[in-house]
Amino acid sequence: AENVYAEGIQLFALGQLDEGIEKVETAAQATGMPRYAERLQTMMQERTLIQTSAEALSATLPDPKAVAQAKAALDTLMIKYGENPSLQKLKLRLDQALPRVTAPLKEQASALRAQAVRAQTLESARQKARQARQFLDQARGLGLEDEQLDRLQEEIEKTQQDISRYEDQ
């Protein structure tokens, strides 16, 4: 049973998720050992996490929050399993999905910043600038780093400083 368990762990780590789970499940059922059952539960949760992440990244219009969760899960699993082929494929899909996810966030942040500049009241300007900053932070939270984002951040910060300066007058 120990050999079957070890083989299952190895298969899972190599990206053969279902085969690995089957082997560990066989060992758990044969022995009734709690550590086998616990490991089986962990593996099944990780497989679900991988499947959920894959679904989030495959969406036509990926949800930024779902992609952020997928990124966090993927980062954690890659630390644990390293060069797992399933995780490498998922990482590639994440890298491909990021521009589709972050482009609308950048557009929204830019639009809100422009609204803040044109706002009729300081309160409205402050609110729009704060919202712009939230969209910008969400894009950064996905790991996006580019010059356009840096410029937008500078513009938003300048707008917030201008608002503060007008409030102080």
Next on the checklist: Please check if the number of heavy atoms outside K158 that lie under 6.0 Å from its NZ is greater than 12.
Outcome noted: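 12 or below, so no.
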
Give me the atom names and distance for the closest heavy-atom approach of [X] to [Y].
X    : Y    : result
K23  : V4   : O-CG1, 3.3 Å
A59  : R100 : O-NH1, 3.5 Å
T159 : A129 : CG2-CB, 4.5 Å

Keeping [X] on the side-chain end and [Y] on the backbone end, is there a donor-acceptor pair under 3.5 Å?
X    : Y    : answer
T48  : M44  : yes
R47  : D18  : no
N84  : F12  : yes
S110 : K106 : no

Checklist entry - Between Q153 and E157, is any side-chain donor less than 3.5 angstrom from a side-chain acceptor? => result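 Yes, because at least one side-chain N or O of Q153 sits under 3.5 Å from a partner of the opposite role on E157.
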
Is the shortest heavy-atom distance from the side chain of [X] to the side chain of [Y] under 4.5 Å?
X    : Y    : result
Q131 : K128 : yes
L105 : L142 : yes
V101 : P62  : yes

Are [X] and [Y] connected in the hydrophobic side-chain network, where two residues link if heavy atoms are under 4.5 Å apart?
X    : Y    : answer
I156 : I163 : no
L98  : L77  : yes
I21  : Y81  : yes
M43  : M33  : yes

Item to check | Value rounded to 0.5 Å, distance of CD in E46 from OG in S53 | outcome: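 Rounded to the nearest 0.5 Å, the CD-OG separation comes out at 11.5 Å.
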
Checklist entry - Is the shortest side-chain N to carboxylate O distance from R140 to D137 below 4.0 Å? => result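 The answer is no: the pair does not qualify as a salt bridge.
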
Next on the checklist: Before you tell me yes or no, could you show the steps for Y36 and E2 under side chain to side chain donor-acceptor pair (under 3.5 Å), namely the whole-Å CA-CA distance, both residues' side-chain angles and the distance that decides it to 0.1 Å?
Outcome noted: CA-CA 9 Å; Y36 290 179; E2 182 65 33; 2.5 Å; yes

Checklist entry - So, is the end of the R126 side chain (NZ or CZ) under 6.0 Å from the ring centre of Y166 and within 45° of the ring's axis? => result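 Geometry flag: not set, cation outside 6.0 Å or 45°.
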
